[in-house]
Amino acid sequence: MKSKILVDYESYMCSVALLEDGVLEEFYVEDRDIELITGNIYKGRVVNVLPGLESAFVDIGRRKNGFLAASDMLENRTAIYRSGQLPTRLDVQEGDYVLVQAIKEATDTKGPRLSANLSIPGRYIIFMPTVDFIGVSNKISDEATRDRLISLLSKNRPTATCGVIARTAAKDAPKSDIIDEIKYFAGLYEQITEKFRATDGVDKLYSDGDLIFRSVRDLLNSTVDEIVCNSDQIATRLKRDLKENLAAAVKVTVNEDNDILKEYGVLAEVEKLLQHKVELKSGGNLVIDYTEALTVIDVNSAKFIGDVDREQTIFEINCEAAKEIARQLRLRNIGGMIVIDFIDMLDPLHNEEVVERLRVELGSDRIRTRVLPMTELGLVQMTRKKTGKEIQSLLLQQCPDCRGGGQIQSPNFMLRRIKAKLTDIFKDKDCSAAIVTVNSLVFERISHVDWQMDMSKLHDRRVYIVPDPDIGKNTFKISAKHGQIVSLPVNAYLLT
């Protein structure tokens, strides 16, 4: 298998795509005018302690204070996990300065999530200076390789209380490169702590880099043979990073004359990621719906009829769906709780095989996942660690009409709402007329169908309807007029 990394750099946004044998497998995008802070390390000041929630709010110099929970203040997470006990209080006071790392971006309603357990990723290792733990990526399954890496990390970690995890790329890496990276991060942590002591007040001490550096660092493996970039400036920086920071000899190609996302078919694939329905090659499909608490994926047979018995046909659709679901989770960066509704199968062995197929496909996902057995209702519950924002939240904006509901109100219901509002307005006996401004769609409904209020109850008061294409389909405006002379737009329609 051969892989390519595409780096698309524009003045307003940049994106990074991973192609495996020409197929899009991962895609990341970032608006250049929005600064993401996940991975950054700060000297923060505790501004408020919440004993009841075992948490604190910490000022890190952002618009919203960060949230630090007691469980993210563990000195030795490994020991806590083994004992099965979590801390019951947060050992900080208002005004204290703390060394924290942003582990989750802020939202419209919440500040960023913080942790005092630092985790600094490199190409071959993840360095955890405050957590006593030695580990190896779950993607490395060979026991001999795992044992070799654990031994290497144990012998070369700077102190007996710091932690190191070998990443997937460490599997084929030279021993010297892994040791050099451990030494580099040990020195980096010393610089961070020195800056913490020397800095007066809240400050950012370390940045995890921009999207391009983070993505290339995380996506590089032995199958990547080329990085294609549409900016000569970015290509120069990539070559320097590959040599100095990532120790990788990968070809970097500059292609400024063509739209690389379009040329490699990425743009068309990304447009599909914004749709709820995903077509399967067999004719079946997936329907992906997002809710506040979880993501729901429904598997449908659709046009796929198969050429054998019903049970085998459904089994084949579910197996194909399992593979595509794993791919969609990566591409869309879906995290949190996920519920999958596979098509019901009668054979229990088929149920187990479909779930196992899903687990195998998720094995190539760099993000941690957990899959539970299928329930009696044919549902599979799974979780995927949240990292950054989902692709739809980055590339889509909320509809001003439906406000995220995905639907607009029917014209008939809009008319009913208008009637109720007019009834209230005309309770004022001095009100002689009302001007109702509506969307063009609702105007067409009112002016071309037999829709009337009980005009006898209006006592000679007039109602004018005015179309406005700029007003939302779920909204309307009503202004009350007093006196016999009313100034009207030229396109006003008198309701009789």
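Taking Lys239 as the reference, Val252 meet the side chain to side chain contact (heavy atoms under 4.5 Å, CB included) condition, with sequence neighbours excluded. Annotation: side chain to side chain contact (heavy atoms under 4.5 Å, CB included) contacts of Leu50 (sequence neighbours excluded): Asn48, Leu53, Ser55, Phe57. Partners of Asp218 under the side-chain hydrogen bond (donor to acceptor under 3.5 Å, both in side chains) rule, at least two apart in sequence or in another chain, are Arg167. Under the side-chain hydrogen bond (donor to acceptor under 3.5 Å, both in side chains) criterion, Ser137 pairs with Thr168, sequence neighbours left out. By the side chain to side chain contact (heavy atoms under 4.5 Å, CB included) test, Ile37 is found to be paired with Asn40, Tyr42, Ile60, Arg62, Ala102, Glu105, Pro112, residues two or more places apart in sequence or in another chain being considered. Legend: residues meeting side chain to side chain contact (heavy atoms under 4.5 Å, CB included) with Arg417, ordered by chain and number and at least two apart, are Gln409, Phe413, Met414, Phe476. Lys4 pairs by the salt bridge (Lys or Arg N to Asp or Glu O under 4.0 Å) definition with Glu226, not counting sequence neighbours.
For residues 379-398, no pair satisfies ring-ring contact (aromatic ring centres under 6.0 Å, His included), with sequence neighbours left out. Residue pairs meeting the salt bridge (charged side-chain N to carboxylate O under 4.0 Å, His left out) criterion with at least one partner in residues 138-149, sequence neighbours excluded, do not occur; the list is empty.
Side-chain atoms of Ile288 and Arg332, non-hydrogen and from C-beta on, do get closer than 4.5 Å to each other. Val250 is not listed as a side-chain neighbour of Val216, based on a closest heavy-atom distance of 4.5 Å or more. Ile120 places a side-chain heavy atom less than 4.5 Å from the side chain of Ile192. For the pair Ser215 and Leu18, the minimum side-chain heavy-atom distance is 4.5 Å or more. Counting heavy atoms from C-beta on, the side chains of Leu24 and Leu331 come closer than 4.5 Å.
Other residues, nucleotides and ligands contribute over 12 non-hydrogen atoms within 6.0 Å of the OH atom of Tyr290. More than 12 heavy atoms of other residues, nucleotides or ligands shown are found within 6.0 angstrom of NZ on Lys64.
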Which donor-acceptor pairs under 3.5 Å do the side chains of residues 335-356 make with protein atoms, sequence neighbours left out?
| unit_1 | atom_1 | unit_2 | atom_2 | d |
| --- | --- | --- | --- | --- |
| Asp347 | OD1 | Leu349 | N | 2.9 |
| His350 | ND1 | Glu311 | OE2 | 2.9 |

For a quick test of your reading: what N or O donor-acceptor pairs under 3.5 Å do the side chains of residues 364-376 make, sequence neighbours left out?
| unit_1 | atom_1 | unit_2 | atom_2 | d |
| --- | --- | --- | --- | --- |
| Ser364 | OG | Arg330 | NH1 | 3.4 |
| Ser364 | OG | Glu361 | O | 3.2 |
| Asp365 | OD1 | Ile367 | N | 2.9 |
| Asp365 | OD1 | Arg384 | NH2 | 3.1 |
| Asp365 | OD2 | Arg384 | NE | 2.7 |
| Asp365 | OD2 | Arg384 | NH2 | 3.2 |
| Arg366 | NH2 | Glu26 | OE1 | 3.0 |
| Arg366 | NH2 | Tyr28 | OH | 2.7 |
| Thr375 | OG1 | Leu377 | N | 3.3 |
| Thr375 | OG1 | Leu379 | N | 3.2 |
| Thr375 | OG1 | Leu379 | O | 3.4 |

Review item, side-chain donor-acceptor pairs of residues 260-269, under 3.5 Å, at least two apart:
| unit_1 | atom_1 | unit_2 | atom_2 | d |
| --- | --- | --- | --- | --- |
| Glu263 | OE1 | Asn255 | ND2 | 3.4 |
| Glu269 | OE1 | Arg327 | NH2 | 3.3 |

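For the atom pair CG (Leu118) and CD1 (Ile126), the distance works out to 13.0 Å, reported to the nearest 0.5 Å. Atom-to-atom distance recorded for Thr145:OG1 and Ile150:CD1 is 11.0 Å, nearest 0.5 angstrom. The distance from the CG atom of Leu242 to the CZ atom of Arg240 is 10.5 Å, given to the nearest 0.5 Å.
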Worked verdict on Leu362 versus Leu329 for side-chain contact (heavy atoms from CB on, under 4.5 Å): CA-CA 9 Å; Leu362 289 170; Leu329 295 181; 4.1 Å; yes
Working for side-chain contact (heavy atoms from CB on, under 4.5 Å), residues Ile325 and Arg357: CA-CA 11 Å; Ile325 287 170; Arg357 184 73 61 91; over 6 Å; no
Glu320/Glu316 under side-chain contact (heavy atoms from CB on, under 4.5 Å): CA gap, chis, key distance, verdict: CA-CA 6 Å; Glu320 183 187 14; Glu316 292 176 4; over 6 Å; no
Derivation and outcome, side-chain contact (heavy atoms from CB on, under 4.5 Å), residues Leu286 and Val299: CA-CA 5 Å; Leu286 310 175; Val299 181; 3.9 Å; yes
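Judged by distance alone, the side chains of Arg237 and Tyr9 never bring a donor and an acceptor atom under 3.5 Å apart.
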